[in-house]
Protein chains: 2
Amino acid sequence: MALRHAVLAALLDGELSGYELAKAFDLGVANFWHARPQQVYAELTRLEGDGFVAGREVVQEGRPNKRLFRVTDAGLAQLQSFTAAAAKPSFIRDDLLVQVQAADHVDTGALIERLTERAAVAREKAGLFTRLLGTMRGERTEEEFLRDGGRVGPYLTCQRGLAFEEGNREWCEHVIAVLRDRARTRPDD
Amino acid sequence: MALRHAVLAALLDGELSGYELAKAFDLGVANFWHARPQQVYAELTRLEGDGFVAGREVVQEGRPNKRLFRVTDAGLAQLQSFTAAAAKPSFIRDDLLVQVQAADHVDTGALIERLTERAAVAREKAGLFTRLLGTMRGERTEEEFLRDGGRVGPYLTCQRGLAFEEGNREWCEHVIAVLRDRARTRPDD
DNA sequence: CATGACTAGTCACTTCCATGACTATCATGG
DNA sequence: CCATGATAGTCATGGAAGTGACTAGTCATG
């Protein structure tokens with residue numbers, strides 16, 4: 001039941017089309033949650049059925065019509081009661097960690113490749129988040145924005161995303177260094 | 001299909017009973033993956049059926065018999081081919097982030113409670129991981145252990161877990177400070 | 001001596017999430 | 001002129017994960 005609330009939370013700041021939402025959740029630009037387009041569309045349908053969002057058809061020329069969604073009062077109430085309840089603990093759940101856990105029993109070269117790929121992805125994402133933060137705060141310094149800015153929710157979650165990706169990158173590089181060093185100092189093992 | 005490999009990876013360093021495994025995955029002590037006991041037992045049954053793990057009954061007195069599992073050669077091969085393949089990108093997926101995303105539209109007090117709870121959990125987990133790391137490296141320094149130690153896989157994943165939980169705690173405290181400051185400087189908004 | 005916590009699991013049910021395939025139209029580039 | 005990529009979605013299916021309930025014996029605590 002969290003995708004529901006993630007969609008509601010993403011819709012809080014202005015109307016979005018299903019397509020925009022779906023893209024944001026797919027790329028993880030809505031960095032606080034991830035979902036495939038099909039899931040997002042399905043969830044929007046359900047949310048509309050429950051009266052938590054309202055959609056309106058927008059006729060476009062030169063491209064398919066779209067539907068813009070906004071959160072209803074009932075939807076906002078729903079989101080508020082969600083926030084009042086305890087958040088489930090979050091766990092890392094990552095293929096790459098499983099692979100590193102097995103590091104001593106598998107091919108080091110392949111593992112270093114995986115780590116290098118991940119480090120690159122993390123760097124890209126961190127860059128994206130950094131730009132996003134810059135866009136949100138505009139001319140202001142971070143401190144000013146967090147004190148006086150209109151909506152800080154998205155900014156704060158983006159900061160978490162940034163820190164997470166930087167943590168990922170640093171850890172990947174650290175593991176690569178360790179594995180390389182071991183390969184050098186104890187070649188056959 | 002990742003729980004499979006997580007279980008295999010957890011079993012690499014010595015035999016474990018289903019119960020021990022299940023507990024580790026439930027508490028997240030196997031900090032690189034999380035799963036409920038029922039999932040773990042079910043997965044063990046499947047893995048045994050596929051010949052990737054082998055179980056042996058151990059008769060105990062004073063308590064129920066247990067089954068100890070170890071990874072077979074086929075299981076190791078399976079895990080190696082898993083590690084050779086690209087890891088899926090990982091996404092944060094966290095109720096608390098959804099709640100913070102909605103921060104500007106919900107009750108600040110309740111949100112600060114959630115953040116405080118989470119910060120406490122994160123601190124506990126970080127402490128646990130720190131102790132675990134200490135146990136693994138024993139008398140050696142971290143540098144020595146990572147260079148000369150026998151199995152570094154579990155150590156490295158534990159380091160990631162530690163960094164993640166510290167990141168969580170810092171972020172929670174940061175968000176709390178921001179929200180408190182805003183509540184003070186712009187009370188009705 | 002009853003209550004709850006620990007060991008060691010199993011069964012059933014539901015909901016969530018992932019994946020692939022499919023329909024359209026329009027704009028852009030080679 | 002054809003391929004691609006973006007816009008804007010829908011449908012179907014399977015696998016993964018979450019939830020609750022249940023068995024059954026042992027040990028410690030009040």
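Order of the sequence lines fixes the chain letters, A, B, ..., with proteins taken first and strands second; residue numbering starts at 1 for each chain. Treat the numbers as computed from the prediction; the structure is a model and nothing was measured.
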According to a strict under-4.0 Å criterion, is [X] in side-chain N/O contact with OP1 or OP2 of [N]?
X       : N      : result
A:Tyr19 : D:dT7  : yes
A:Arg36 : C:dC17 : no
A:Gln38 : C:dA18 : no
A:Lys23 : D:dA6  : no
B:Arg93 : C:dA18 : yes

Could you verify whether a donor N or O on one side chain and an acceptor N or O on the other, from A:Ser17 and A:Glu20, lie under 3.5 Å apart?
-> yes

Pair A:His174, B:Gln159: side-chain N/O donor-acceptor within cut-off below 3.5 Å | yes

d([atom1], [X]; [atom2], [N]) in whole Å:
X       : N      : atom1 : atom2 : answer
A:Lys66 : C:dC26 : NZ    : P     : 16 Å
B:Leu3  : C:dA18 : CG    : C1'   : 16 Å
A:Gln39 : C:dC17 : CD    : P     : 6 Å
A:Trp33 : C:dC16 : CH2   : P     : 11 Å
B:Asp95 : C:dC16 : CG    : P     : 12 Å
A:Leu44 : D:dG9  : CG    : P     : 9 Å
A:His34 : C:dC17 : NE2   : P     : 12 Å
B:Tyr41 : D:dT23 : OH    : P     : 17 Å

Ranking A:Glu43 and B:Pro64 by the position along DNA chain C of their nearest nucleotide, the one closer to 5' is B:Pro64

Taking for each residue the nucleotide of DNA chain C with the nearest heavy atom, is it B:Asn65 or B:Lys88 whose nucleotide lies nearer the 5' end?
-> B:Asn65

Under a 4.5 Å side-chain heavy-atom rule over Ile, Leu, Val, Met, Phe, Trp and Tyr, are A:Tyr41 and A:Leu8 clustered together?
-> no

If pairing means Watson-Crick or G-U wobble with both distances under 3.5 Å, then the partner of D:dC22 is C:dG9

Base paired to D:dG30 (Watson-Crick or G-U; both N/O distances under 3.5 angstrom) = C:dC1

Are A:Leu162 and A:Leu133 close enough that some pair of their side-chain heavy atoms sits under 4.5 Å apart?
-> yes

Would you say A:Arg4 and A:Phe52 make side-chain contact, with heavy atoms under 4.5 Å?
-> yes

